[in-house]
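Positions are given from 1, in the same order as the sequence printed here.
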Amino acid sequence: MAEEKAARDGSVQSLRRAFELLERLADTGGEASLSELAASSGLPMPTIHRLIRTLVALGYVRQNTNRRYALGARLIRLGENASMQFGTWARPLLAELVDEVGETANLAVLERDEVVYVAQVPSKHSMRMFTEVGRRVLPHGTGVGKAILSQLPADDARALLSRTGMPSYTEHTFTDPDALLSHLETIAALGYAVDESEQELGVRCVAVPLTGTPAPAAVSVSGPEGRLTKDAVSRIAPAVQRVAATLSAHLASDDLSA
């Protein structure tokens, strides 16, 4: 019995360590060597090697030609399905937000340096904003993306922007990393971001980051500038912040049944 218990405990420990390695690979934003993983995790090199070899065989990690390791393609399906489930669960709260502010509400997460929209509840206006669920955009040109970036350490945000580039979508899009990083400090202080026609002309968006969650995410409200005026932003932002706080609390407690 003692041997069986030790085996069970060892299996659980190996599973926990494997997920820790996956998260450390994700935190690198790209790839890492075995020695870098050993240094960041504190695990012995033989343990790292055994776990990585298993994860590579399963397709959850890949070994690049330079012998460094990165997240594998098999994780894509898991991540996309998890994001969609998150969006389904959050829809009732987004619907409440739409009822309160009268504009379209969105939920987005950061995946592989891109913002992915995982849920949307449209407004009841005939002229309204529509973003296809599953759409991927670069974070520097959107309200949700800027809100998410404002929660990252400055070095991590700069590294992400370096990897993705900062193409211009309109004349209002931030294309200089220093200017955007300064802007992110303002967003962090305010507690919300505003997209001023940076992704699409004539559209304004108010976005609030989720906090303390396993993955970076944000909630937003978007609408035409004629209705979502700058005065309206000050009224709408607290409502978006309340919904973001509720989502954050549920996710932090792993309570997706509430």
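- Remark: the backbone N or O of A232 is paired with a side-chain donor or acceptor of T229 at under 3.5 angstrom.
- Between R227 and S123, the closest heavy-atom pair is NH2-OG, 4.3 Å.
- Of the possible polar contacts, none joining the S182 side chain to the A179 backbone as a donor-acceptor pair under 3.5 Å is found.
- In the model, S222 has no side-chain atom that pairs as donor or acceptor with a side-chain atom of S220 under 3.5 Å.
- Screening residues 151-162 for side chain to side chain donor-acceptor pair (under 3.5 Å), with sequence neighbours left out, gives R158-D178.
- Within the 4.5 Å cutoff, the side chain of L149 has heavy atoms near those of the L161 side chain.
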Side chain to side chain donor-acceptor pair (under 3.5 Å) between Q199 and Y169, worked out = CA-CA 6 Å; Q199 179 72 27; Y169 303 115; 5.1 Å; no
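- Across every non-hydrogen atom of D195 and G141, the tightest pair is OD2-O, 3.9 Å.
- Annotation: salt bridge (charged side-chain N to carboxylate O under 4.0 Å, His left out) contacts involving residues 138-147, sequence neighbours excluded, comprise K146-E198.
- With salt bridges taken as basic N to acidic carboxylate O contacts below 4.0 Å, none links R24 and E20.
- Minimum heavy-atom separation, L138 to G165: CD1-O, 4.2 Å.
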For salt bridge (Lys or Arg N to Asp or Glu O under 4.0 Å), just list the numbers for E111 and R136, CA-CA rounded to whole Å, side-chain angles, deciding distance to a tenth of an Å, and then say yes or no.
-> CA-CA 9 Å; E111 288 185 359; R136 292 177 175 271; 3.0 Å; yes
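- Judged by distance alone, with hydrogens and angles left aside, the side-chain atoms of R62 form a donor-acceptor pair with the main-chain N or O of L71 at under 3.5 Å.
- In the hydrophobic clustering of ILVMFWY residues, with side-chain heavy atoms under 4.5 Å counting as a link, I236 and L247 come out together.
- For V208 against Q241, the heavy-atom pair with the smallest separation is CG2-CG, 3.6 Å.
- Counting all heavy atoms, side chain and backbone alike, G143 lies closest to C205 at CA-SG, 4.3 Å.
- With hydrogens and angles disregarded, a donor-acceptor distance shorter than 3.5 Å links the side chain of S197 to the backbone of G202.
- Listed by first and then second residue, the salt bridge (charged side-chain N to carboxylate O under 4.0 Å, His left out) pairs that reach into residues 211-222 come to none, sequence neighbours excluded.
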